[in-house]
Number of protein chains: 4
Amino acid sequence: MMAKLQKSIDKQRALLEATLNLINNGGIQEASMAKIAKLARVSPATIYLYFENKRDLVNKLYLEVKGSFTEKAFEGYEVKNPVKKSFEQIWFNMAAFKLRHKEKASFLSQCDNIPLIDEQTRQEGLKHLQPLFDLWLRGQKEGIIKSFSPHLLYAYTIYPMAFLMNAQCRGTFQINKKVLQEAFQAAWDSIKV
Amino acid sequence: MMAKLQKSIDKQRALLEATLNLINNGGIQEASMAKIAKLARVSPATIYLYFENKRDLVNKLYLEVKGSFTEKAFEGYEVKNPVKKSFEQIWFNMAAFKLRHKEKASFLSQCDNIPLIDEQTRQEGLKHLQPLFDLWLRGQKEGIIKSFSPHLLYAYTIYPMAFLMNAQCRGTFQINKKVLQEAFQAAWDSIKV
Amino acid sequence: MMAKLQKSIDKQRALLEATLNLINNGGIQEASMAKIAKLARVSPATIYLYFENKRDLVNKLYLEVKGSFTEKAFEGYEVKNPVKKSFEQIWFNMAAFKLRHKEKASFLSQCDNIPLIDEQTRQEGLKHLQPLFDLWLRGQKEGIIKSFSPHLLYAYTIYPMAFLMNAQCRGTFQINKKVLQEAFQAAWDSIKV
Amino acid sequence: MMAKLQKSIDKQRALLEATLNLINNGGIQEASMAKIAKLARVSPATIYLYFENKRDLVNKLYLEVKGSFTEKAFEGYEVKNPVKKSFEQIWFNMAAFKLRHKEKASFLSQCDNIPLIDEQTRQEGLKHLQPLFDLWLRGQKEGIIKSFSPHLLYAYTIYPMAFLMNAQCRGTFQINKKVLQEAFQAAWDSIKV
DNA sequence: TATGAATGAGTATTCATTCAT
DNA sequence: AATGAATGAATACTCATTCAT
């Protein structure tokens, strides 16, 4: 039972994975619908049973990956812990995710600046970060974190990771435990009061 | 009269500008050679008188824009000034450039992650930032700046600007003088000892 | 019904025919993929469902035509017949083919000298002529045919037909039964002991 | 004095040579006007001072090469010599030319079948072969040579050389003195009474 | 005479998408 | 639900030719 539904889900998953892989090896222009279909062992026409068009496919992929990222980010997070400790935990969770799932991290950073991702999708992707925003708010109330806009806090604590990841992917930089500690230090210093 | 040479330079400039504009409105996939030619009021074949191919065109544009960015960055910079003051000056120069030339800033941030830009070009583009790297080194020797890799310093002081700019371009964030001061504060705090 | 398969075969055939016709009227440079598609009443993209690229298309066409040529050449050929009679039969078969299928003959002679045809394809095309080579060998063993390389035998018995065909196509020469007999006489005299 | 005229002739010669070389390395489609101009160290526009268009250029080249071929063919030819001896001399002259000037020979054989060469040009190119036709006529009157059309005689004595040359160029056949003697033997046997 | 710059039309090939089955 | 076949429009790039100088 449910075999059909499962098969359907499998196919959708295969398509998303194929898209992710292709985009990572050569950018979005390398990920043609034909190639995606081939890599997912599916007919090109089948893609359109699951997704409206290419834009829809990429946007859904974006949401999916962003979702798995934030899921990992808040793993083990407990609201009752002190602000810095919580932030530290989330930050290292995020770093761990990016280091472990380089393709996903690379994909997300590719999406950061391209117009193919709808504004709506972007907002949707941010929603799951709410706990982090709440944490920052608490930190600000406690006088631990600067009273800056969450955009600023994000820009100076989370966003830099992407740069370091990209540099590492290009082979011009090596991330290790020491670097990670330093990065966190910089992140925290930038927003702590 | 130099009329011919001038005309030639004008055309090259028109092509670079057209490319910049098209890439900004819709990403690189929207910037086809045909559209670029049309926007520059030139035949498609003419592009190839000035550039080897699309990759060459985009890379040259990248270098050109990066060049104008760094030129602005070090405007009025004098090595003899104290580290923090110098850094502040450079930082605000960069911010001013990004605010004034949003298309250029947006283009550069799009290029950060696409494979179309050669690694060599990227390195070439970084060369002009050498004075900043030197400044950081001096700051580290003076015990003012953390002994981190320049990659880290860049990731936490310069790179975040791109995020804020993009957010503003998308209309989800508003940069003003106060925000700018806060951003600099965060940048400096992240790397100062 | 096999309707689908048949339709597929028909389309491939239409494409090959269109290519043949276009190459014959104006050489290979006149046979653009767009024209081929148009003449075959098919979209340019459809060509690539059946052939890898232009080179593949022309090479496959070459093999196909060469195949139909050699098939005709050995029609009614029986190994047990005497050498001269067999050779005569094959020779006139070939001549008949070239006279009946002038476009094919003309196409083949155009292909003799162009680099678009792969060496491998050329060899492949020769394979079906093996019975003729075997016949010559027998003739040489029987002391009837000169002990020359098959290349020489081919050059002086088969190859000249192309010249006569081309001359006739250009209207500068008329082939009739008498000429045909003379041509065979010349061919045989050139290789007989 | 006459420096200008000489320069002019040099340029025309350079253009013809460039065309010959390019056509030989990759066929006519590889010989674009731009490449020809570059190889001849001349502006593309300059070509049109000497030739009407590409067709004209190739046709004039054809005539030029054919001319040098026939010039060589009748080198040392004296009408008073016996028919067979004269034919032998001309035949070996032609073979020597083709072996020594492979590019020219290859070019001529490429031209044999392509529509780019005008019929008029072809006829013009044949004119210089008149002494050979006269020789054949004499041979026929003397009862030494078969009473066949000159087309046939040409097809079976001269044309086969092209096949052997092409085979050698492709590396599938080796021409040496013995082969040459055999080839002449075949040629003569095919037309002698 | 000679040119470098310019071009519109063309090149082979690929695209995202749809349709008949 | 799923597909292989099909496609018009687009892709980057090249062509033979011309024009202003």
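These numbers come from the heavy atoms of this one structure, side chains and all, not from hydrogens, waters or symmetry mates. Quick caveat, the model's predicted, so the values are computed rather than measured. Just so it is clear: chains get the letters A, B, ... in the order the sequence lines come, proteins before strands, and each one is counted from 1.
- In this structure, CD of A:Gln29 is placed 16 Å from C1' of E:dT13, rounded to the nearest angstrom.
- Residue C:Arg41 is the one, among B:Ile28 and C:Arg41, whose nearest nucleotide of DNA chain F lies closer to the 5' end (criterion: closest heavy atom).
- Rounding to whole angstrom units, NZ of residue A:Lys38 and C1' of E:dA16 are separated by 17 Å.
- In terms of the side-chain hydrogen bond (donor to acceptor under 3.5 Å, both in side chains) criterion, residue partners of B:Lys60 (sequence neighbours excluded) are, by chain and number, B:Asp56.
- Nearest nucleotide to the D:Leu49 side chain, out of E:dA2, E:dA5, F:dT7: E:dA2.
- Distance, B:Leu22 CG to F:dA12 P: 11 Å, rounded to whole Å.
- B:Glu30 has its CD atom 16 Å from the P atom of E:dC15, to the nearest Å.
- Computed from coordinates, the B:Leu57 CG to F:dA12 C1' distance equals 12 Å when rounded to whole Å.
- In this structure, B:Tyr50 has no ring-ring contact (aromatic ring centres under 6.0 Å, His included) partners at least two apart in sequence or on a different chain.
- In this view, A:Arg41 satisfies the side-chain hydrogen bond (donor to acceptor under 3.5 Å, both in side chains) rule with no residue, not counting sequence neighbours.
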Every protein N/O lying under 3.5 Å from an N/O of nucleotides 17-20 of chain E:
| unit_1 | atom_1 | unit_2 | atom_2 | d |
| --- | --- | --- | --- | --- |
| E:dT17 | OP2 | A:Tyr48 | OH | 2.9 |
| E:dT17 | OP2 | A:Lys54 | N | 3.0 |
| E:dT17 | O5' | A:Tyr48 | OH | 3.2 |

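- D:Arg170 pairs by the side-chain hydrogen bond (donor to acceptor under 3.5 Å, both in side chains) definition with nothing, not counting sequence neighbours.
- With sequence neighbours left out, the side-chain hydrogen bond (donor to acceptor under 3.5 Å, both in side chains) criterion links A:Thr121 to A:Asn59.
- Separating the CD1 atom of A:Ile9 from the C1' atom of F:dA1 is a distance of 14 Å, rounded to the nearest angstrom.
- A:Tyr48 is linked by a ring-ring contact (aromatic ring centres under 6.0 Å, His included) to nothing, counting only residues two or more places apart in sequence or in another chain.
- Residue B:Lys11 contributes atom NZ, which lies 10 Å from atom P of E:dA5 at whole-angstrom precision.
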Side-chain atoms of residues 101-108 of chain B: list all donor-acceptor pairs with protein atoms under 3.5 Å, sequence neighbours left out, distances to 0.1 Å.
| unit_1 | atom_1 | unit_2 | atom_2 | d |
| --- | --- | --- | --- | --- |
| B:Ser106 | OG | B:Asn24 | OD1 | 3.3 |

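- Within 4.0 Å of B:Tyr50, counting heavy atoms only, lie sugar-phosphate atoms of the nucleic acid but no base atom.
- Side-chain N or O atoms of C:Gln110 include one that pairs as donor or acceptor with a backbone N or O of C:Ile23 at under 3.5 Å.
- Here B:Ser32 lies in heavy-atom contact (under 4.0 Å) with sugar-phosphate atoms only.
- Computed from coordinates, the A:Gln12 CD to F:dA2 P distance equals 11 Å when rounded to whole Å.
- Residue A:Thr46 is the one, among D:Ala31 and A:Thr46, whose nearest nucleotide of DNA chain F lies closer to the 5' end (criterion: closest heavy atom).
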Reading DNA chain F 5' to 3', how would its secondary structure be written in dot-bracket notation, given Watson-Crick and G-U pairs with both distances under 3.5 Å, brackets [ ] for crossing pairs and | for partners on other strands? .||||||||||||||||||||
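- No salt bridge links B:Asp112 with B:Arg122; every basic N to acidic carboxylate O contact stays at or beyond 4.0 Å.
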